[in-house]
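Take a look at the structure set out below.
A quick note: this is a predicted structure, and the numbers were derived from the prediction, not measured. A note on names: the letters A, B, ... follow the listed sequences, proteins ahead of strands, and every chain is numbered from 1.
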Amino acid sequence: MSEWVVSELTERRDGLHHAPASQVEAQQRRRRIRRTALVLALVAVTFYVLFIAMSVLGVRGP
Amino acid sequence: MSTVQAHGVAGHHADAHDHHGPEKGWRRWVFATNHKDIGTMYLLFSLAMFFIGGLMALIVRAELFQPGLQLVDPYFFNTMTTMHALVMIFGAVMPAFVGLANWMIPLQIGAPDMALPRMNNFSFWILPFAFTLLLSTLFFESGGPAGGWTMYPPLALQMGETFPMTIFAIHLMGASSIMGAINVIVTVMNMRAPGMSLLKMPVFVWGWLITAYLLIAVMPVLAGAVTMLLTDYYFGTSFFQAAGGGDPVMYQHIFWFFGHPEVYIMILPAFGVVSEIIPTFSRKRLFGYDTMVYAIAAIAFLSFIVWAHHMFTVGMPLAGQMFFMLSTMLIAVPTGVKIFNWTATMFKGSLTFEPPMLFAIAFLFMFTIGGFSGLMLAIVPADFQYHDSYFVVAHFHYVLVPGAVFAIMAAVYYWLPKWTGHMYNMKLAKLHFWLSTIFVNLLFFPQHFLGLAGMPRRIPDYSTQFADWNLVSSIGAFGFGFAQLLFAYIVWQSIRGGAKATDKVWDGGAPQGLEWTLSSPPPYHSFEVAPEVK
């Protein structure tokens with residue numbers, strides 16, 4: 001984390017207008033944030049599907 | 001060099017947006033992406049839900065004031081107990097902690113905002129719709145949901161036309177929580193100030209980081225459970241219907257796999273709050289910082305392997321009973337570490353008793369009472385006696401009211417001057433504390449006696465032998481409820497004006513953390529230059 005500086009944040013309409021130290025760093029940072037968020041969302045969806053799937057297997061049928 | 005590149009990346013809007021403040025009027029709130037604005041909306045929403053849920057509790061306690069049916073019919077009574085729980089858990093306590101997270105996490109880790117500000121806006125604005133949907137069921141001809149917040153089948157499958165509304169509302173609340181949790185994790189993992197390693201983070205941030213992982217793991221499980229209820233109801237599946245080969249007990253297993261970690265979702269951020277406040281007013285550093293963090297992580301882990309202690313009475317193999325009893329008791333170890341560390345922090349400290357500290361100390365005592373009654377409930381043969389009695393009601397209310405809710409109040413009293421820039425009325429806040437503490441004990445402590453004497457929960461009428469303690473409990477409820485109007489008044493007063501708060505706010509104390517390096521109130525865009533953490 002120590003390489004990171006606040007000014008890397010890219011412009012947002014909400015006013016987070018800190019200029020990135022470089023274009024590459026800004027992109028890396030955006031990618032890192034998106035990647036973390038996507039992985040976490042995937043984990044959530046997996047848990048949802050997993051528990052329904054386990055229940056399907058658990059039902060014996062009439 | 002970097003400036004030139006910055007404009008290239010930031011685009012031509014960057015100049016126009018430099019140092020602008022908030023938008024004017026309703027647009028500021030509806031299109032809010034600033035963490036402070038969203039935090040404020042969460043906290044105000046939570047306060048509103050706290051009063052709505054509180055009103056429902058007062059209807060319950062008014063009915064239970066004396067034996068016999070007085071004010072409401074039994075179905076409406078059940079609706080009130082169900083709605084009170086849903087509103088307080090998903091509408092009051094959880095959003096309050098998300099509000100605190102929104103306000104404080106960026107300030108405490110030295111970040112300018114949350115990592116995903118638009119998703120932050122979305123996750124907040126889902127909530128008013130979810131609760132409008134849920135509360136609107138009260139006006140249905142069939143009445144609102146009345147099967148308890150756990151929505152056990154087959155009872156829940158008899159809910160009638162409120163059923164899909166309730167399920168959809170719960171899905172929305174879950175989606176909101178998951179988005180909030182993703183935002184917290186992404187922010188903490190990617191936006192800490194230079195030099196702030198994980199073990200330099202404030203304990204509040206740690207509490208929330210671990211809570212966020214819990215949320216991502218268990219909210220989808222709740223969503224899965226209620227989805228299956230929905231398909232059982234509308235699409236002829238038999239997940240939980242014995243007639244079709246399904247198993248109602250399976251629902252209980254799935255629900256409590258969510259439900260028990262949910263308890264810790266409501267208490268781990270509270271641990272974080274108390275860990276911030278006690279050192280400040282003890283004028284000492286937190287005793288055993290590392291062990292505090294490991295204890296939170298240990299509690300979070302254990303919360304996944306104790307769920308069946310909520311359902312010992314459904315019948316399970318002896319090995320299962322033993323496992324869930326012992327794993328539940330094991331939680332006392334990391335919790336004990338935390339209680340010990342807070343006490344050790346105060347030991348030989350130069351204590352003062354400002355309102356946040358009063359609430360934190362009350363938390364310490366009364367959460368421990370809730371913890372001990374939890375240990376009693378963990379013992380299988382004893383649980384067969386206590387199950388579904390008022391003892392359980394007393395237990396979880398001690399954990400959630402003088403536990404989670406007191407921690408929220410402590411947090412508000414601690415950080416309110418930082419947020420508004422004004423000190424609040426200390427005398428009134430102390431009065432609020434004493435009224436709350438006295439009445440909350442009057443409200444919940446007698447419920448232990450009622451439960452041990454055999455009074456079942458979720459009943460609108462009871463045997464005359466329970467009359468005295470129910471009367472005391474109801475007096476406590478009304479006293480506690482009215483005392484909270486004082487809280488709303490104190491907050492409102494501080495927003496309106498008052499003595500100017502200094503940057504450090506608690507000058508006599510020893511507040512630590514990056515939030516105290518900012519002005520009170522902090523600028524709309526804080527930490528435009530990254531702070532260096534040594």
Side-chain angles (χ1 to χ4, degrees), chain A, chain B residues 2-3 5-11 13-14 17-18 20-21 32-34 110-113 115-119 178 181-183 185-186 189-197 216-221 223-225 227-228 237-239 243-247 250 254 257 524-525 527-530:
Chain A
M1 292 312 299
S2 57
E3 85 283 3
W4 179 72
V5 287
V6 171
S7 58
E8 282 177 29
L9 278 173
T10 50
E11 182 266 349
R12 300 238 192 281
R13 61 168 293 283
D14 57 20
L16 287 185
H17 42 67
H18 310 281
S22 75
Q23 202 161 6
V24 177
E25 281 176 19
Q27 273 175 353
Q28 282 175 344
R29 193 176 147 61
R30 271 201 302 274
R31 273 198 207 116
R32 213 163 51 222
I33 285 177
R34 277 192 204 134
R35 197 167 50 226
T36 321
L38 275 173
V39 168
L40 292 170
L42 201 64
V43 170
V45 172
T46 307
F47 265 76
Y48 179 71
V49 174
L50 191 73
F51 271 75
I52 293 180
M54 283 197 307
S55 306
V56 170
L57 295 175
V59 175
R60 293 185 306 275
Chain B
S2 63
T3 312
Q5 285 178 327
H7 284 266
V9 174
H13 292 300
H17 282 282
D18 268 358
H20 73 74
T33 45
N34 184 292
D113 207 307
L116 304 155
R118 290 186 187 87
M119 196 168 82
I178 291 169
I182 289 174
N183 217 344
I185 295 173
V186 175
M189 299 314 283
N190 292 292
M191 297 182 69
R192 297 192 308 278
M196 181 171 283
S197 58
I216 286 174
V218 301
M219 289 312 287
V221 178
T227 302
M228 286 184 273
T237 59
S238 300
F239 285 110
D247 185 358
M250 183 168 73
I254 299 170
F257 186 83
Y524 195 62
H525 300 298
F527 293 123
E528 292 193 334
V529 178

Query raised in the report: Which of these passes side-chain contact (heavy atoms from CB on, under 4.5 Å) with B/Val186: A/Leu38, A/Val39, A/Thr36?
Result: A/Thr36
Requested in this report: Counting only heavy atoms closer than 4.5 Å, note whether B/Ile216 contacts chain A via side chain, backbone, both or neither.
Outcome: both
Query raised in the report: With no hydrogens and no angle check, is any side-chain donor or acceptor of A/Arg29 less than 3.5 Å from a backbone partner on B/Met191?
Result: no
Query raised in the report: Looking at B/Phe239 and A/Ile52, what are the two nearest heavy atoms and their distance?
Result: CE2-O, 4.3 Å
**Report entry** Qualifying residues under ring-ring contact (aromatic ring centres under 6.0 Å, His included), relative to A/Phe47, sequence neighbours excluded
**Finding:** none
**Report entry** Part of B/Ala217 within contact of chain A (heavy atom distance under 4.5 Å)
**Finding:** both
Query raised in the report: What's the shortest heavy-atom distance between B/Leu116 and A/Ala37, and which atoms?
Result: CD1-CB, 3.9 Å
Report summary line: Residue set satisfying side-chain contact (heavy atoms from CB on, under 4.5 Å) with B/Ala32, at least two apart, ordered chain then number -> B/Asp37, B/Ile38, B/Met41, B/Asn121
